[in-house]
Amino acid sequence: MSTRQKIFSWGGVAAGILLVAFGIGAIVLSFQGRNTVTQSLKEQQIVGTPDMTPGAIKGEAKAAGLPAGITLPTCTVAGQLVDNGTKARCFADYMRIHAYAATGGVPYSQMPRYATTDGKGTNDAAQALTKDGRPVDNAARNIWVTETALSTALNVSYMADQLGVFALVVGIALLLSGFGFVILAVGGALRAGSWLFKAEAVKTAPKVTRPVRA
């Protein structure tokens, strides 16, 4: 075996080992990340309320007079402990509907900043209720602030959980690729004159047509 052939052979083995190492690292990080999400959610002891089913929330949305354009959740988390990313996202979706119901179907961006005596609210500080000489904030508007903070944290848990799944898939792919490189290199398929190159040579060899003798 020539020096060049040895370089290619050992290079293939090294590349395979490196891919296997990265694959194992990705799988380990995947399990660690998902375990962190699970433990963090369990620590919060979040349990879905009885109305967190598609049928129940549909009735609540109708009773609250929410606009038909608001998308309702289709998942179920009622009575369940929120201990993974999927359940966290589902819970956050129901929180969004609860916030709409509490604010009359009006999103944060459309709500008046200050409270008024008639309950409609206003963005004009001069017409707002005052306390200690300062306009009173619209309490309903603050509901969205709280809801957004909590739902964002839950959705981040979902994203982290999905990234863990992605890392697991990538890790398995790297492992398979690494083992493949090592097998090919050790088996000699990457060396010139090996069975792979011989087979290719046979396939691509030009056909020679012999003249027919009279």
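Just the heavy atoms: all of them, side chains too, but no hydrogens, waters or symmetry mates, feed the values below.
Side chain of Asn138 to main chain of Ala115: no donor-acceptor pair is present (N/O by atom type, distance under 3.5 Å, no hydrogens or angles). Panel note: side chain Ser30, backbone Gly164; a donor-acceptor pair is recorded below 3.5 Å. Panel note: side chain Asn155, backbone Ser151; a donor-acceptor pair is recorded below 3.5 Å.
One finds the CG atom of Leu154 at 12.5 Å from the CE atom of Met159 (value rounded to the nearest 0.5 Å). Atom CG in Leu29 sits 14.0 Å away from atom CZ in Arg34 (nearest 0.5 Å). Atom CD of Glu60 sits about 8.5 Å away from atom OG1 of Thr53, to the nearest 0.5 Å. The CD1 atom of Ile46 sits 8.5 Å away from atom CE of Met95, with the distance rounded to the nearest 0.5 Å. Rounded to the nearest 0.5 angstrom, Ile17 CD1 and Phe181 CZ are separated by 12.5 Å. Interatomic distance, NE2 of His98 versus OG1 of Thr103, reported as 12.5 Å (0.5 Å rounding).
Counting Ile, Leu, Val, Met, Phe, Trp and Tyr side chains that sit under 4.5 Å apart, directly or through other members, Ile143 stands alone, with no cluster partners. The hydrophobic cluster of Tyr158 has no other members, since no ILVMFWY side-chain heavy atom comes under 4.5 Å of it.
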Verdict with reasoning, Tyr108 to Val145, per side-chain contact (heavy atoms from CB on, under 4.5 Å): CA-CA 8 Å; Tyr108 176 84; Val145 177; 3.8 Å; yes

Intermediate values then yes/no, side-chain contact (heavy atoms from CB on, under 4.5 Å), Asn123 and Tyr114: CA-CA 6 Å; Asn123 289 317; Tyr114 304 112; 5.5 Å; no

Pair Val20-Leu174, side-chain contact (heavy atoms from CB on, under 4.5 Å): steps then yes or no: CA-CA 6 Å; Val20 170; Leu174 289 174; over 6 Å; no

Residue pair Ile27, Leu175: steps toward the side-chain contact (heavy atoms from CB on, under 4.5 Å) verdict: CA-CA 10 Å; Ile27 292 174; Leu175 277 178; 3.4 Å; yes

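The hydrophobic clustering, which links ILVMFWY residues whose side-chain heavy atoms are closer than 4.5 Å, places Val136 and Met111 apart.
Pro107 has its side chain within reach of Gln110: a pair of non-hydrogen atoms, C-beta onward, lies under 4.5 Å apart.
Side-chain atoms of Asp124 and Thr122 form no donor-acceptor pair, as typed in the model, at a separation below 3.5 Å.
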Show me the side-chain donor-acceptor pairs of residues 62-85 shorter than 3.5 Å, one per line, residues at least two apart or across chains.
residue : atom : partner : partner atom : Å
Asn84   : OD1  : Thr86   : N            : 3.2
Asn84   : OD1  : Lys87   : N            : 2.8

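Qualifying salt bridge (charged side-chain N to carboxylate O under 4.0 Å, His left out) partners for Arg141, counting only residues two or more places apart in sequence or in other chains: none. The ring-ring contact (aromatic ring centres under 6.0 Å, His included) search around Tyr100 returns Trp144, not counting sequence neighbours. Considering only residues two or more places apart in sequence or on other chains, Asp137 meets the side-chain hydrogen bond (donor to acceptor under 3.5 Å, both in side chains) condition with none of them.
Heavy-atom contacts from other residues, nucleotides or ligands closer than 6.0 Å to CD of Gln39 number more than 12.
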